[in-house]
Amino acid sequence: MLETLVIVFVLASFVGFEVISKVPATLHTPLMSGSNAISGITIVGALVVAGMVDSPWARWLGFAALVLATINVVGGYLVTDRMLQMFRKKEPPRPAAPVSGDGRR
Amino acid sequence: MLETLVIVFVLASFVGFEVISKVPATLHTPLMSGSNAISGITIVGALVVAGMVDSPWARWLGFAALVLATINVVGGYLVTDRMLQMFRKKEPPRPAAPVSGDGRR
Amino acid sequence: MQTLVNFAYLAAAVLFILGMKRMNSPATARSGNQLSSVGMLIAVVATLLQGEILAPWMMVAGVALGGAIGALLATRVQMTSMPEMVAALNGFGGGASVLVATAEVARYVDAGDEGLAGAAFARHGLEPLGAMTVVTVLLSVLIGAVTFSGSFVAFGKLNGRVPGRPLAFPGMRALTVLLALAGLAAIAYPLAALGDTRFDAGPLWLAAWVLLGLALVLGVLLVIPIGGADMPVVVSLLNSYSGLAAASTGFVLRNYALIVSGALVGASGLILTKIMCEAMNRSLLNVLLGGFGTGGGETAAPGPGGTAVAGTVRSTSPEDAAVLLAYADRVVIVPGYGLAVAQAQHTVRELADQLQGRGVQVSYAIHPVAGRMPGHMNVLLAEANVPYDQLFEMDEINDQFDRTDVALVIGANDVVNPAARNDASSPIYGMPILNVDHAKNVIVMKRSMAAGYAGVENELFYLPNNQMLFGDAKKSLERLVSEVKAL
Amino acid sequence: MQTLVNFAYLAAAVLFILGMKRMNSPATARSGNQLSSVGMLIAVVATLLQGEILAPWMMVAGVALGGAIGALLATRVQMTSMPEMVAALNGFGGGASVLVATAEVARYVDAGDEGLAGAAFARHGLEPLGAMTVVTVLLSVLIGAVTFSGSFVAFGKLNGRVPGRPLAFPGMRALTVLLALAGLAAIAYPLAALGDTRFDAGPLWLAAWVLLGLALVLGVLLVIPIGGADMPVVVSLLNSYSGLAAASTGFVLRNYALIVSGALVGASGLILTKIMCEAMNRSLLNVLLGGFGTGGGETAAPGPGGTAVAGTVRSTSPEDAAVLLAYADRVVIVPGYGLAVAQAQHTVRELADQLQGRGVQVSYAIHPVAGRMPGHMNVLLAEANVPYDQLFEMDEINDQFDRTDVALVIGANDVVNPAARNDASSPIYGMPILNVDHAKNVIVMKRSMAAGYAGVENELFYLPNNQMLFGDAKKSLERLVSEVKAL
Ligand SMILES: NC(=O)c1ccc[n+]([C@@H]2O[C@H](COP(=O)([O-])OP(=O)(O)OC[C@H]3O[C@@H](n4cnc5c(N)ncnc54)[C@H](OP(=O)(O)O)[C@@H]3O)[C@@H](O)[C@H]2O)c1
Ligand SMILES: NC(=O)c1ccc[n+]([C@@H]2O[C@H](COP(=O)([O-])OP(=O)(O)OC[C@H]3O[C@@H](n4cnc5c(N)ncnc54)[C@H](OP(=O)(O)O)[C@@H]3O)[C@@H](O)[C@H]2O)c1
């Protein structure tokens, strides 16, 4: 069991490294908040554990975990969306080229 | 069990996609033979299965699998190494720049 | 059923990955974020379908409450306060991990209370305590709690409630090391106790609470000595931690959704941190040891490393600057942290529109660490609807300053300091900079001659082709706009 | 123990990944391949340590035999025969997967022979047959066998033992579909039989053999209608299949090493195939349906899609060409498939050395699909010790032809055909090409006016700034070298 979990962890880390290293600096802030929202996956952990505890006070622990994780998820996705919404490519009235065409890919 | 295997498969595929899409065309042929050598991992399967079969003729199946897989592994790695050995960066007598310095990164 | 749920988790993970992949272009980034949120929805729904969840009313209440708070925060926050926001959300995530881990420990305690035997454990769906469970539960507590308290200290530093300057007291470093060692002991203790019984969660319980306390203090001690302006790096690192906390919770619950997503976030946070450090030309260790950034753009005295710069400074007026700009062929705007402070993003766009209307070619040069977080300038200018094809990264535009008539530097300082190229004794030596000094004319808009974030003097201001336009960036830009209009 | 072995497999997988990552630069590629082979060694040793392997002498013999054959093949093969070599090795890999899957079926049969009950199965370390086992075993057989026979047909086509032209007979496609359907039935049959007993492997055994036969024929039928020159694409696709075969064997044996490595290879083969198809401006379907490439660079008649090109062709002599080259400032050499046919890589290097000795700037322009496999030209020129910093990819050098005095096209044709830019009716329209026609002078070295791989005429040959130097590339180059020396 342990090794399976570790294998999955290592492979996912590789995917994370590879994918993120392709993101341009422009998008680093939304990327940060977006991946922060993903780390709210603890919401799943909160749901699972809250379903399994027995003593009432442990339930409240689960409840608190659920609230915090939901804040993280909902806040994270919404705020990222707000930021990204602003990244629009439109036709400017007069396209401003860089000062010279050379040197650009 | 099944789902674990599938999860591992999917994650590894992602890693493969991401890593390979960064390889320059120059190295595609060695890449092909190098990844071909990796697919010789069946050698592990051959070893495992050959250790578990009982009837002698099934053993010979395992033996044949072992031979084929070893050809794939050894041949693949050696041939890739032969190719890559030739990719050397040396100081040419007179460095030939591209026809102009502009437009290069 | 568990198999189906696991496949749903796989689907969620794939959506997270695809979503992150779409972040590689502004055109697809938004849909990527949406994809990712669909993945989250799938993961949540699949978990709910698994049954055995919290009393429904409690669950609905929890999600409603958390969702409302999250939505409120997300819609209220100012674009310029993004780093704070991320820090706070991060703290919540870390806190959730701690709570989940503690609740899991509580299950073992409950089972142990019924009788220290396998039967009671089985009734609770538990296996006897093993080394893996002990270590991963305690790691969740440790990483989660450090993330929690560290994030809120960073939050405080970023919005000014905690002093931005590096705080330290004698013996602080020794205390930090001591606490870390105590933490290790707190992990070792229940591990050692495993030899006696695998059904008594008492030692684990004790260790978890002790570790929680230690880790909360540790989080504070780790972040408090770091300067306020280094907080974005810290937040990014804490983001990585919150991923690791989620992953270790995943190891506790043997839950693939948590492990995969946690690993994704952990790796991505680490990469981002590395990129930020490289762009600032500093090592992560140097950032973490603290004492560099002195606070969010507050006027800093020239640092000890700064060379004394001699020479005269030319100051200009909005009228003169407007003429220079309006009759130029090519203008490159270089925004910096001061643009964010002055909230002048809309005004700069207005100026660019005016100039473009007069046939001037305007582009923006974005330094990777201009501002106080990566992509800070991009987000600001995007808010002001500047099309992103007018924004150019450092490497794209650096050759072009030679052919630029006016480089308009708005509230930037360190990122245009030629000392980074010329002066090996400067603390910012080696950091790649925008070569505005190669332009025919440079206009620098800032309020004073004060240094920027790194606290070093800027010889650019003394160059013959440079003119200073003193004043708050927004006010000066407004003057410029009206002057250009009047021409 | 199994845990340790699995960690060793993980280490191997990590080494494979790191090795592949190092393939992204020629400077690190070789060490990457070595890393990958260390990973393989670790995987093999870990498996051996697990014990329970084949009688030792048999194992030693198997590895020795296979290793010797592999080493022999690898050291004997000519650099120009790499595609064949990869095809053959690929075939062996596919064959190995089939054999492993069959041996696994044999275990079930053996267990069933002892009695159709759980006890006998348990003695053999087996669980009762399940749908997953049946499907994955049969998939291994299917994919492995298609890979095996397909690879050897491709091998034959590449080295000329099987006619390179697309082979077809009436009803072939119908037969292919029929066989595929029969294959599906062969998978369904033992699945249906599972309802009766989960201990009788008889139906599985039968299905495996039937499927093996079907798949071997299918592999032949799938590859035989494809033109010899499209074989590199086919080989790359079959490479992907061999990875999938290994992965499905991994599902059978529940072995993570096989699954991870198989998935890596499967994905990488697929990506490579896609890149190749895109560079040729054709869809994978178009390649697989066949009938396009007519054979390894054999003289092909102008295809029906080619526009009739009118105009005069200037032919030149080695003497004149030598003068033109020797007195040029900038020469760009454009190698193509003909360079490989003529084995002229060393001679071209010699010419370049001569020219550089005279102060001429020489660079090489490498089209992504010049030759018959991706990177073909790079491998060839690397063999002749051309430093790779003189090689430029299409995008890097295409702007430069305007400023080039002589473009020397050696055995290339399609990749410099301006019809790809100009003539929407041409079959190669839309394929990115090297803009040699923009150079001041073009010298094309080939044996005749024959078309290249795509079978279309080349209007370049009729342009006023073009001259043909007819003859075998190697002979012509030798003449050029001695003429330049004599100047
Ligand atoms: N982007 C990141 O991720 C990140 C993270 C951490 C640290 N950093 C660091 O932050 C620095 C960023 O460089 P930078 O050039 O953008 O900023 P900077 O070097 O910090 O300089 C900002 C300048 O803006 C001026 N300013 C402040 N408020 C203003 C206002 N209202 N109107 C006009 N000017 C105003 C200040 O001068 P006055 O006081 O004279 O007005 C100050 O010199 C780099 O050193 C970088 O390493 C960046
Ligand atoms: N690279 C890949 O991965 C790949 C894979 C599959 C297909 N392809 C296809 O292959 C083509 C490659 O283009 P290409 O320009 O390199 O080659 P090409 O278009 O096939 O032309 C090769 C030319 O070389 C000449 N030639 C043959 N033997 C020669 C010799 N001994 N001496 C001198 N010349 C000789 C031939 O003309 P003569 O007969 O008149 O001498 C022929 O026209 C593209 O159409 C591409 O799509 C490439």
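Shown here is C:K440, whose NZ atom has more than 12 heavy atoms of other residues, nucleotides or ligands within 6.0 Å. Residue C:Y9 qualifies as enclosed at atom OH: its count of foreign heavy atoms under 6.0 Å is above 12.
Chain B is approached within less than 4.5 Å, heavy atom to heavy atom, by C:K21 from residues 21-40 of chain C, ordered by number. Contacts of residues 250-266 of chain C with chain B at a heavy-atom distance below 4.5 Å involve C:Y256, C:V260, listed in sequence order.
Proximity of C:I17 to B:L11: side-chain heavy atoms (C-beta onward) are separated by under 4.5 Å at one or more points.
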